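What's counted below: heavy atoms across the whole structure, side chains too, no hydrogens, waters or symmetry copies. Chain A is the first sequence line, chain B the second, and so forth, proteins listed ahead of strands; every chain is numbered from 1. In this text, all values refer to a predicted model and were calculated from it rather than measured experimentally.
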Amino acid sequence: MDGSVGGERLATLVRMSEGAPRVRFAPSPTGYFHVGGARTALYNWLFARRLGGQFVLRIEDTDRERSDPAWTDGILSALRWLGIDWDEGPIHQSERRAGYEAAARRLFAEGRAYACDCTPDEVRARTAGNPVPGYDGHCRARGLEPGPGRALRFKVPDEGTTVVCDLVRGDVEFANATIEDFVVQKSNGDALFVLAVVVDDLDLRITHVVRGEEHLPTTPKAVLLWEALGDGRPLPVFAHLPILVNEQRQKLSKRRDKVAVEDYRDAGYLPEAMVNYLALLGWAPADGREVLTRDELVAEFRLEDVNRSPAFFDLKRLGHFNGVYVRALGDDAFLAASRPFLEAPDVPFAGRLDDQVLARLAPLAKERVATLSEVPDLVAFAFVEPFDPDPGAYDKAIAGDDAAPEILERFLAGLDTVPFGADGLRSVLTGVADALGRKLAKAQAPVRVATMGRPIGLPLFESLEVLGEATVRARVGAALARRRGEG
RNA sequence: GCCCCCAUCGUCCAGUGGCCCAGGACAUCGCCCUUUCAAGGCGGAAACACGGGUUCGAAUCCCGUUGGGGGUGCCA
């Protein structure tokens, strides 16, 4: 390889990065928007924002078979959620066919492309055993006129080398002999993406093409087209980002891997956390910090520091970042962000929320969730009606504990002796624990299950204070009665 | 098959010839704190794929091998 992105070359490429770069993010609307696309969009955006350039959004929907406007909507809303805004667009390639047709005509007129009426089957049959793969140039010299049923193929030079100047990979060389005469216009008249991309990048005056590594092998074709259609305009600087992989180290696939950006939104991840995590997948700031605000990312991000190897999208690590961001939220912001989850149609206490209670529970819950979708479960005890302890928890902590009746009874009695509140409750239960020779941790289990329904959750005494004396007495009493009734 | 890319702890990054018997973070294990669970604190285990060079000196440079990945469509 010629992977050295060092010295002179780097200096030159970086110099080209100065001024006002124009980048584009160009997803194709053929499926939901996944985190790999989000990372690519983010890197484009960070690069543009840092250098004061423009970020253009382009929808690559030249394939009418597979594209669907619904997917475009999903992409736009995911980008907005992530806070990735665009300066121009969305530009739809489907609306720019005239330009592609003109380019195709020009290529033909200038002898850079030729018409071909071979069917895919014919080509395959003919080239089956060839050492050099791809089209065999069958129609090159047949002098066919373009027309319905005839594709247009670019006449790739037989000799020489095409070089892709890449900010993250260095110069990547492709022998022209290994590049087939590729199709630029389908036999139905539609442009193929390679052509469309080059025409648009030229028209949009794109200076930097930042995209996934899967595009690297087709880049020499784009370079060839750019040279044929660019009227001498300098090539864009390329930057092929390492792909994102799953645990099997394969490229993230919309099909196979559940990595839709909107799923993460729905699961209670914060966009700031997602952006922070995504930014660190393939790049890191010089000083080793890991939690960075959006502004810090913009200030620190350098395309030339992006590394070259694939990165695994690690949910655990995302969870860690999300926890950091959730905990950093103010109580009000935390509540506001949790709202959609608390008011979701499937929560068992829908319509019984109490903002006062919620506000008091917020600081307690904030510290204990990795994602916002966990909030409803944590605060359910305060709203659910009628209240009933989780069966498994009841069996273990109350039915299965010989001392449980006495603990509950003494606890209930103790309530008469102190002012109701977290401190009083704590001292009561501490007294009970002491009297029975138990650790406080062990003594609180029956009370917790009786009042909050589950063995783990928010801090007991603070939660009971919020619950209120009457409810606490009622629940403890109910659990006690039930336990006694069962012998 | 052919073309191209990649190769540091399980994972994500740091490291651009000596500061590295390799540093941070996530995960993991142990301890502490503690009313559960978290959070937090402390500590542990854990990696330069292999082989040749170059050099006084290589995780860092070169070559090869192996391994992984991407592409190979009239998809993007």
Item checked: Any side-chain heavy-atom pair of A:Y100 and A:Q93 under 4.5 Å -> yes
Check: Between B:C48 and B:U11, how far is it from one P atom to the other, in whole Å?
Finding: 12 Å
Margin query: Can you classify the ring geometry of A:Y264 versus A:F313 as parallel (below 30°), tilted (30 to 60°) or perpendicular (above 60°)?
Written below: perpendicular
Candidates [options] - which lies nearest the side chain of [X]:
X      : options             : answer
A:D63  : B:C12, B:C75, B:C37 : B:C75
A:R153 : B:C74, B:C12, B:G70 : B:C74
A:S28  : B:G70, B:G24, B:A76 : B:A76
A:F174 : B:C4, B:C12, B:C74  : B:C4
A:H215 : B:U36, B:G70, B:A76 : B:A76
A:V172 : B:C4, B:C6, B:U72   : B:C4

Checklist line | Separation of B:A14 C1' from A:E300 CD (nearest whole Å) | finding: 14 Å
Below 4.0 angstrom from OP1 or OP2 of [N], is there any side-chain N or O of [X]?
X      : N     : answer
A:K186 : B:C75 : yes
A:N307 : B:A14 : yes
A:T62  : B:A76 : yes
A:N188 : B:C74 : no
A:R66  : B:G73 : no
A:R308 : B:C6  : yes
A:K439 : B:U36 : no

Checklist line | A:K254, NZ atom: more than 12 neighbouring heavy atoms under 6.0 Å | finding: yes
Next item on the list: Check whether more than 12 heavy atoms from other residues, nucleotides or ligands sit under 6.0 Å from atom NZ of A:K442, and answer yes or no.
Entry: no
Next item on the list: Would you state whether a donor and an acceptor, one from the side chain of A:Q250 and one from the base of B:G70, lie under 3.5 Å apart?
Entry: no
Checklist line | Any N/O donor-acceptor pair, A:R317 side-chain to B:A25 base, under 3.5 Å | finding: yes
Notebook entry, point to check: If you look at every strand shown and take non-hydrogen atoms under 4.0 Å, does A:L440 touch a base, only sugar-phosphate, or nothing?
Noted result: sugar-phosphate
Check: Step by step, would you call A:Y269 with A:Y325 a ring pair (Phe, Tyr, Trp, His ring centres under 6.0 Å)?
Finding: CA-CA 9 Å; A:Y269 290 87; A:Y325 278 85; over 10 Å; no
